[in-house]
*Asks:* 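Pasting in a structure now, in structure tokens, and then I'll have a few things to ask.
Letters A, B, ... are given to chains in the order of the sequence lines, protein chains preceding strands, and every chain is numbered from 1. Values reported hereafter were calculated over all heavy atoms of this structure, with side chains retained and with hydrogens, waters and symmetry mates removed.
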Amino acid sequence: MGILSSSIARKVAMALSAFFLMFFLLIHVSVNLVSVFSEDAFNTASHFMGTNPLIQYAMQPILLFGVIFHFVLGFVLELKNRNARVVKYYKNNGAANSTWMSRNMIFSGLVILAFIVLHFIDFWFPEVNYKYIAHLPEDPSRYYGELVHKFENPIRVGAYVVAFIFLALHLLHGFQSAFQSMGCNNKYTKYVKSFGKWYALLIPALFIFIALFHYFSH
Amino acid sequence: MNLTLKIWRQKSPEDKGKMVEYKVTDISEHMSFLEMLDVLNEQLVEANEEPVAFDHDCREGICGMCSLYINGEAHGPDRGITTCQLHMRMFNDGDTIYIEPWRAKAFPVIKDLIVDRTALDRIQQAGGFISVNTSGNTQDADAILISKHAADEAMDAATCIGCGACVATCKNSSAMLFVGAKISQYALLPQGQIEASDRVLNMVRQMDLEGFGNCTNTGACEIECPKGISLVNIARMNREFLKASLKG
Ligand code: HEM
Ligand code: SF4
Ligand code: FES
């Protein structure tokens, strides 16, 4: 794998892609949050994100690459790590020395991946179809209605809530882990850890709040 | 106290091996875990059975030879100790105790509870040293000033006894706590600077070649390490590695 042939290089690559995803999540939740306050502002923001060439042709492909890179490397790491212990323990007390979150990144990751697939089918494919395949006329006020419509289905809202709980679990370990992977472990680490806890709980909680808000208010 | 032991028995590296159940009686709570195994082995020898093979040497927590995965934890349930320092008072009468060898692809079983840990030696040989001229004009080490802080941290890293508990306990069988400690003990001192790049690149390469896994920062190693080696050492190794890689 060239540059990724070393274990530490893989750790660093994992952390860099994770930082990028966490930054993206911050932007995503900000835009979604606007929908709670103002239909017009949400339409404006979404229209900007959906038509700005820099975002569409530069940021979007990078994001797509980042997501795929992160979970493919996650699978590679998981496989390599499973291979590093051929005979398993009869009795292993993992809970004695590590958190559930840290031992199950692949499972929380898989739930997030399943959600991303659903999310693509729900929002991204129709969006790409609308703009680039069907070439429908651009309507800057369509976004809010589409969003509200998606959150009418209780099953979808339920899946949404579950996925974001797993995202929180993923980030509860992941946020501080990414700093450690980059070699940052110093007198500021205790602040990184507490900020990470806030981030890991708050961002998914906001996504959940937005979904429930639209579900109950329409 | 009376105990039921479930112990991994394996005649040779090729043997498949299995868990075998034994009973021991009248174990004093003042005994160390290894002394309890000595009692079992005397019992087995008297019955003309093969005693259980396990590693040990100093029996005072400094050599790193004793190993054992006891009830699902490296060196058993206590903290900051090796197995020779584990007391039977940590257990209760009637307990069933599982005793297994360190498990990792890089630590193949030799016999019963003894595993081959020479992979750690080969990592050390790949760069865990400094080259000094010993032809008679060696500089006095005290002539080089070192801050108290750096000296303390280097000393802490150097207390690693190479027991391999970090590997055994890691869900990924990663040796990064060991390698991080071995790199840190030089990276923190002026004498270690000259060979710093080669050291970290070679030791990490050897670590990967031996088949250890990738660290995912679960922190289990730091908790189970008998010498309290901190994750800070892994972060330092990552920095050293990045620095050396970027320099090319
Ligand atoms: C928006 C989505 C996601 C975010 C924000 C995210 C974030 C993170 C973070 C911060 C880490 C810690 C990185 C490190 O320790 O260096 C991480 C690790 C990991 N992620 Fe994700 N992740 C996401 C999606 C996924 C998906 C879809 C998978 C797919 C299976 C996945 C699998 C993993 C695995 C296996 C690890 C552990 C690897 C390691 O710690 O070295 N993640 N993720
Ligand atoms: S880091 Fe700790 S657990 Fe690992 S080999 Fe050294 S002393 Fe043993
Ligand atoms: S026998 Fe030496 S550390 Fe246990």
*Asks:* With respect to chain B, which residue among A:His173, A:Met182, A:Lys91 yields the maximal number of heavy-atom pairs within a distance under 4.5 Å?
*Replies:* A:Lys91
*Asks:* Any donor-acceptor pair under 3.5 Å linking the side chain of A:Asn52 with the backbone of A:Phe48?
*Replies:* no
*Asks:* If we define contacts as heavy-atom pairs under 4.5 Å, which of B:Ile70, B:Ile234, B:Leu231, B:Val204 has the most with chain A?
*Replies:* B:Leu231
*Asks:* When the ring centroid of B:Tyr98 is compared with that of A:Tyr89, is the distance short of 6.0 Å?
*Replies:* no
*Asks:* Using a 3.5 Å distance criterion without hydrogens, assess whether the side chain of B:Lys182 forms a donor-acceptor pair with backbone atoms of B:Gly162.
*Replies:* no
*Asks:* Among B:Ala220, B:Ala104, B:Gly17, which has the most heavy-atom pairs under 4.5 Å with chain A?
*Replies:* B:Ala220
*Asks:* Heavy-atom distances under 4.5 Å only: say whether B:Cys170 touches chain A with side chain, backbone, both or neither.
*Replies:* backbone
*Asks:* Is it true that A:Phe65 and A:Phe69 have ring centroids separated by less than 6.0 Å?
*Replies:* yes
*Asks:* Name the orientation class of the two ring planes belonging to A:Tyr132 and A:Tyr57 (parallel below 30°, tilted from 30 to 60°, perpendicular beyond 60°).
*Replies:* tilted
*Asks:* Is the centre of the A:Phe164 ring less than 6.0 Å from the centre of the A:Tyr160 ring?
*Replies:* yes
*Asks:* So what's closer than 4.5 Å to chain A heavy atoms on B:Arg205: side chain, backbone, both or neither?
*Replies:* neither
*Asks:* With only heavy atoms counted, which part of B:Val109 is less than 4.5 Å from chain A, the side chain, the backbone, both or neither?
*Replies:* neither
*Asks:* Looking only at the aromatic ring of each residue, does the gap between the centers of A:Phe151 and A:Phe213 stay below 6.0 angstrom?
*Replies:* no
*Asks:* Looking at B:Ala106, B:Gly211, B:Cys215, B:Ser245, which one has more heavy-atom pairs under 4.5 Å with chain A than the rest?
*Replies:* B:Cys215
*Asks:* Any heavy-atom pair between the side chains of B:Gln124 and B:Met203 that's under 4.5 Å?
*Replies:* yes
*Asks:* Please classify the contact between B:Asn71 and chain A as side chain, backbone, both or neither, with a heavy-atom cut-off of under 4.5 Å.
*Replies:* both
*Asks:* Which atoms of A:Ser181 are under 4.5 Å from chain B, going by heavy atoms: the side chain, the backbone, both sets, or neither?
*Replies:* both
*Asks:* Let me know which of B:Phe212, B:Phe178, B:Tyr69 forms a ring-ring contact (aromatic ring centres under 6.0 Å, His included) with B:Phe107.
*Replies:* B:Phe212
*Asks:* With respect to chain A, which residue among B:Met176, B:Lys6, B:Met237, B:Glu240 yields the maximal number of heavy-atom pairs within a distance under 4.5 Å?
*Replies:* B:Met176
*Asks:* Can you tell which of B:Thr218, B:Leu242, B:Thr169 has the highest number of heavy-atom pairs within less than 4.5 Å of chain A?
*Replies:* B:Thr218
*Asks:* Under 4.5 Å from any heavy atom of chain A, what part of B:Pro77 do you find: side chain, backbone, both or neither?
*Replies:* neither
*Asks:* Picking from A:Thr99, A:Val86, A:Asn185, which has the most non-hydrogen pairs under 4.5 angstrom with chain B?
*Replies:* A:Asn185
*Asks:* Only pairs of heavy atoms separated by less than 4.5 Å count here; which of A:Leu77, A:Val87, A:Asn83, A:Val12 has the most with chain B?
*Replies:* A:Val87
*Asks:* For the pair A:Phe20 and A:His70, evaluate ring pair (Phe, Tyr, Trp, His ring centres under 6.0 Å) and give the outcome as yes or no after the intermediate values.
*Replies:* CA-CA 10 Å; A:Phe20 175 69; A:His70 183 80; over 10 Å; no
*Asks:* Looking at B:Ile223, B:Asn172, B:Leu201, which has the largest count of heavy-atom pairs under 4.5 Å with chain A?
*Replies:* B:Asn172
